[in-house]
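Order of the sequence lines fixes the chain letters, A, B, ..., with proteins taken first and strands second; residue numbering starts at 1 for each chain.
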Amino acid sequence: MNSSVIDMYKLTKSYEGLMALKEISMSIPQGSIFGLIGPNGAGKSTLLQILAGILLPDSGYANILGKNIRDLGPQIRQELGYVPDVPHLYPSFTVNEMFTLGRKLYKNWDESKCRSLCDYFEIPAGKRVRNLSRGLKVRVALVLALSIRPRVLILDEPTAGLDPVARRAFLKTIIDEAAGQGTSILYSSHNLNDLEQTADHIGVIKQGELLFTSALDELKDSVHKTQVFFSPDHGSARALKALPGVIQVVQQGKAYIITASGDRQAFREALWALDPALLEPINLSLEDVFITYMKQEGYSYDYTI
Amino acid sequence: MHLNIDTRSSIPVYQQIVDGIKSAAAKRIYNPGDRIPTVREMASQLTINPNTIAKAYQKLEQEGVIVTMRSRGTFIAERQNHPDKQRAKKLLKPSLEHIRTEAFHLGMEGEELKQLVLETLEEWEKEWRDIEK
Amino acid sequence: MTIPYKDCSLRINPGLLWKEWQQNRLYFLAAFLIMSYDTILKPLGYGIKAILGSATEAYAMAGALSPVSNVLSAGAYHNSMEQLGSLLCILLGVTILTQERSGSLNFLLSTPVSRKDIILAKSCTGGLAIILIMMVNALFLIMAGLIWPVDYYAVLVMKWALLTTAVFIALFNLGLMVASFTGHWLSAIGLSVLLANLPSMLGIMLINFTTIELFNLSPIFIHRVNMIAHYLTIPAYIGRDTEYMGNAPIATKLHPDYPLETLILVLLIALLLLLAIKIFKNNPLENNGQMLMSNRAAHIAVIILALLLGWGSALSSAGSIAGFLGTMVLASIIAYLAIVLLQSLVYYLRGGR
């Protein structure tokens, strides 16, 4: 877990004067499932496309498996699977012809894995790509990307076009790949629920800037939420706000809902000292953690994730 | 074995897995020497990040709940025959103190609390007997 | 610092070659059928009629082949091969790259092939297809010559096929090169046609320009410039008509110098291919390959320069106001496009920054 498979340093990219990426620096740890979060137009796709070799960065560099992408050496991509949000592939090819092309281009092509994944995803191998639904195209692209025995997998909004059943199968496949082959996965998503379940690290991008990266456990550990009641309400709001690590206090009827960061146990002890009638921890989803985190960092959480 | 994992819970997922396996072992759903799913199988079963599972297993191994034998799998560890009672006391005490504090604030103290502890232990023993039958 | 990746080999990726063939064979077939209408299909039609019907139809077939004979011996520009062939080859060169721009290029770039591999495979597939088309044509014409009375020789057919193949491959590579920095296929075709004819257009403009009294260039100099412009104009290698400049013939190509012209074309092909590779390597691709006009001041300067050139060229045809204005507008537009085109070329050759 110490070494990283992808290192980015001050990656910058602009489109006609508009900054799409501003000096992005981050690392994807070996063997991790890294979730990239951000609103539409934040630069997620641009970042992933640069890593996949499709776009060239204006400045900065990125190393994949220790090799600089700027060098354009195609061999970097032998072990790099990429699934875009809307895979185009070759419309006039049949699915089987796409796989033939994969076999011809990748030296580590795994035919049996390809066949079994096709069965698993119920891919019609004889159909032409142009007649496939978007969901099926995504699945074909995933099968292609997995059959090359990748060490790094880059997925751009992969679950967006899938129905719930297919989405679950997709996530399961990714998990199996990461667990079984030790493949490192970098994927962008709008869906915080998917990320919460599958990712171990996340990075947040907004308007081309990287806000923060964190291990998911640490992120979730760092913020907690508690609900307290005081039997005679002796104007405790002020006292609550003075507690260590408090980010926000919201009064809902008789209850106070406190969001705080830092050590849970110590905070609880401090709360008991105020003599509340009832005290209970409230579940905090990743989304809640996000909202508080963004507020803390001075960003308004004005978009839907 | 089925673990109920709530990714939205405020308890970190790896902690939920640690707790789940510990409780399964304590309830003797798993006995010493029983094989439990590998990290890979568990990740696939639960659709949970394998690193999270690995972290939970690491913690379980550190605590001596499970042992991993290379190439054979992961097993529930033998219970210690001559455990270090001093150490156990030291580790358990803060938890008991925590329970006492919570109980106090919920209006439960002394005999009532002792009664509750005994009841809980008895329930468990009944469950063991049911399993052994 | 890592050493920049540098790949100097000209190895063609067999997987890509397979892909290009798989993807474009129908286009090649269509091009073959259209181009061979006068050289194969029409004579074949007569031939079949001859077998089924009267023997005199055989002469009808020889007659059907006469446009070919004209081209081979005298230089008329009147058959499907040469009229449509040039355009079709540009079209093929443009299509083979721009069809990827609708999305599949993203897939291709994410696979372990370099941008050079991509261009090389495309150029190679197109070249092979054109060679195949021309070989079938040449063989048919030679066989037809053996069976029916025609007024050409097999050696002439082979020379003609060689030169025409070189012209077509050069035009294919020109289309490919232009498509490597223009996104939309229509603009790529327009620019390719313009670029193909640009040298001779510029030659004409230069001559018109020099008729202003201010310049006193020697006729020999003008003639040389025109010859160079002519040799740089790829489609001019096909036409066997004498080209006139005013009243003076500038290029008499009734008996073309086949070895020299083929050699020049081969060099042109190599140059175009290298340019295409270099440009495509540097193309950041995200603008979908727009034409480049970096800032307003530069744009205005280009427009003024184009108008000046247009005004200069139009002076010679100052017979009527309408003629003057017409020539000036046309010449200005050509000059403008030429400058923008050259500017984009330089931009991408310098590395897109």
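- Proximity to chain A (any heavy atom under 4.5 Å) is shown, for Leu16(C), by both the backbone and the side chain.
- Ser116(A) and Asp119(A) form no side-chain donor-acceptor contact under 3.5 Å, judged by distance and modelled atom types alone.
- Judged as a salt bridge (charged side-chain N to carboxylate O under 4.0 Å, His left out), the pairs with a partner in residues 23-49 of chain A (not counting sequence neighbours) are, in order, Lys44(A)-Glu157(A).
- The two residues Ile279(C) and Ser180(C) have their closest heavy-atom pair at CG2-OG, 3.4 Å.
- Within 6.0 Å of OH in Tyr27(C) there are 12 or fewer heavy atoms belonging to other residues, nucleotides or ligands.
- A donor-acceptor contact closer than 3.5 angstrom links the side chains of Gln99(C) and Asn24(C).
- Along residues 133-151 of chain A, the residues that come nearer than 4.5 angstrom to chain C, judged on non-hydrogen atoms, are Leu144(A) in order of number.
- No side-chain N or O of Thr159(A) forms a donor-acceptor pair with one of Tyr187(A) less than 3.5 Å apart.
- Side-chain contact of Asp58(A) with Thr12(A): a donor-acceptor pair under 3.5 Å is absent, judged by distance alone.
- Scanning residues 125-135 of chain C against chain A with a 4.5 Å heavy-atom cutoff picks out nothing at all.
- Between Glu100(C) and Lys19(C) there is a salt bridge, since at least one side-chain N of the basic residue sits less than 4.0 Å from a carboxylate O of the acidic one.
- No hydrogens or angles considered: nothing links the side chains of Asn106(C) and Ser104(C) as a donor-acceptor pair under 3.5 Å.
- Residue Gln78(A) qualifies as enclosed at atom CD: its count of foreign heavy atoms under 6.0 Å is above 12.
- Counting only N and O atoms by type, the side chains of Trp109(A) and Glu111(A) include a donor and acceptor under 3.5 Å apart.
- No more than 12 heavy atoms of other residues, nucleotides or ligands sit less than 6.0 Å from atom OH of Tyr9(A).
- For residues 92-106 of chain A, the interface with chain C (any heavy-atom pair closer than 4.5 Å) comprises Ser92(A), Phe93(A), Glu97(A), Met98(A), Thr100(A), Leu101(A), Lys104(A), Leu105(A), Tyr106(A), sorted by residue number.
- A donor-acceptor contact under 3.5 angstrom links the side chains of Asp7(A) and Ser4(A), judged on distance only.
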